[in-house]
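Note: hydrogens, waters and symmetry copies are ignored here, and every other heavy atom, side chains too, is used. Here is how names work: the chains are called A, B, and so on, in the same order as the sequence lines, proteins then strands, and each is numbered from 1. Computed from a predicted structure; not experimentally measured.
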2 protein chains.
Amino acid sequence: MIFNQIERISNLLRAEERKEGGEYGLQAVHMETLYYLSKCNRFSDTPASVTEYLQLTKGTVSQSLRVVESKGLIKKQTDACDRRVIHLKITARGKRVLANSMPPSLFSNALEEMPLETKAQLQTALDTLIKACQKENNSKSFDVCGSCRYCQPVDDKTHFCGLTKQPLSNDDIQLICREHTLIQTNE
Amino acid sequence: MIFNQIERISNLLRAEERKEGGEYGLQAVHMETLYYLSKCNRFSDTPASVTEYLQLTKGTVSQSLRVVESKGLIKKQTDACDRRVIHLKITARGKRVLANSMPPSLFSNALEEMPLETKAQLQTALDTLIKACQKENNSKSFDVCGSCRYCQPVDDKTHFCGLTKQPLSNDDIQLICREHTLIQTNE
DNA sequence: TCAATATAGTTTCGACTCGAAACTATAAAT
DNA sequence: ATTTATAGTTTCGAGTCGAAACTATATTGA
């Protein structure tokens, strides 16, 4: 029953993405890519990360990125330390498209209409579901730094990533990281 | 925030559909088509209904259906009353594929793990969200007969559809109908 | 240190999606 | 009986998608 609902909402979302993206000659997967890039941290804005997030092949993603780049929505930047790595930066134009389209108005309006209490319940329940899926997938949780086992508080303004050995700001820890690892729970 | 979660779950679902479908040479949209056909009623198993449900164009759907048919998962049947209309029937093979793949195990397992109370809250909250989306879309709600304004109870075993003038069984009213219309609420 | 191996990304191919527009066929309306 | 509407198909071009071969850079290790 819940799966029916998820499946339906997923189709609604995809239809909206097609509709919104269509105005700019974009496909649904382009919108999903752009949206991911707007939510991920500075270690996770690479073709490989997009590939893992969407669970496609790197060849497929490479082609889609070429299209999105050709429309002037992202820009490629070679990493300074590792010249194999490319960072995908959303352009000003890309940000405008994204701001107009995501979330699609169908969802922002529907969510606005919902009672606050129902929204709070929905958020908590979805969080439980996502965590269960992440556990089930047992790798690649693609969540925000704040909920990662490697994230350590330093003071009230900074945190520290035990994996990349990099400092993280309060803004940083709200971004999605490809290296995100679930906090271990003993059961 | 809730939108982030929905977007993530939607990507997880699509990835699972690709994975499960891939074993049979099927694409994600093929899985969604098959799943829809397994959940819809006898008035709604047509190419036009699939088109409206997925919000694609009829040309696109026509081609996808040809592929799904060529793999022996559905069969086309011309309607007896209106020879323009085609009914899409899932074959035994199609049913087997569907039973193996939908819901994908990632979701059935994750849902199994969730506490009953959380599940109940999730279901209620998702229902509210879907209803809000249906209202926002103001047409094409694609929901089960039971929640349609045209559905009238006759006795404890049968109902009656005021639109198609057809009797509906208790099983029937749990299937998705393309003519589904929201019960009007005065606000 | 230099060769083997691993990693990040691109390219190419073939099957398929997707929208748009032209098309066929049947039914309904006038 | 002729329009008009509806259901579905076909064709075209751009793009997705996976698989496999490819380039380029980093890392490993003998």
Length of the CG-P vector between Asp79(A) and dT27(D), whole Å: 11 Å

Distance-only side-chain donor-acceptor flag, Asp127(A) / Thr124(A), under 3.5 Å: no

Atom-to-atom span, CD of Glu17(B) to P of dT16(D) - whole angstrom: 19 Å

Interatomic distance where CD belongs to Gln27(A) and P belongs to dA14(D) [whole Å]: 13 Å

Any donor-acceptor pair under 3.5 Å from Gln5(A) side chain to Gln123(B) backbone: yes

Arg84(A) vs dT25(D): side-chain N/O to OP1/OP2 distance below 4.0 Å: no

Touch class at under 4.0 angstrom, heavy-atom based, for Lys19(B) against every strand present: nothing

Global bending angle along the helix from dT1(C)-dA30(D) to dT30(C)-dA1(D), which compares the axes of five pairs at either end, to 10 degrees: 10°

Nucleic acid contacts of residues 62-74 of chain B, taken as heavy-atom distances under 4.0 Å to DNA chain D: Ser62(B), Gln63(B)

5' precedence on DNA chain D between Ala80(A) and Gln55(A) (nearest-nucleotide basis): Gln55(A)

Residue mapping more 5' on DNA chain D - nearest nucleotide basis, Thr60(A) or Cys81(A): Thr60(A)

d(NE2, His30(B); P, dG18(D)) in whole Å: 13 Å

Heavy-atom donor-acceptor pair, Thr51(B) side chain to Leu56(B) backbone, under 3.5 Å: no

Side-chain H-bond candidate by donor/acceptor type, His30(A) with Ser64(A), under 3.5 Å: no

Ring-face cation contact, Tyr36(B) with Arg8(A), 6.0 Å cut, 45° max: no

Ion pair check, Glu113(B) and Lys135(A), cut-off under 4.0 Å: yes

Side chains of Phe3(A) and Met102(B) in contact at under 4.5 Å (non-hydrogen atoms): yes

Candidate list Lys19(A), Arg14(A), Glu16(A), Arg18(A), test side chain to side chain donor-acceptor pair (under 3.5 Å), partner Gln55(B), passing option: Lys19(A)

Covered region of DNA chain C, 5' end to 3' end, by chain B [heavy atoms, under 4.0 Å]: dC16(C) to dA27(C)

Derivation of the side chain to side chain contact (heavy atoms under 4.5 Å, CB included) call for Leu37(A) and Leu98(A): CA-CA 10 Å; Leu37(A) 290 176; Leu98(A) 213 39; over 6 Å; no

Under 3.5 Å: donor-acceptor pair, side chain of Lys119(B), backbone of Leu111(B): yes

Taking every non-hydrogen atom, the tightest pair across Ser49(B) and Arg178(B): OG-CD, 2.8 Å

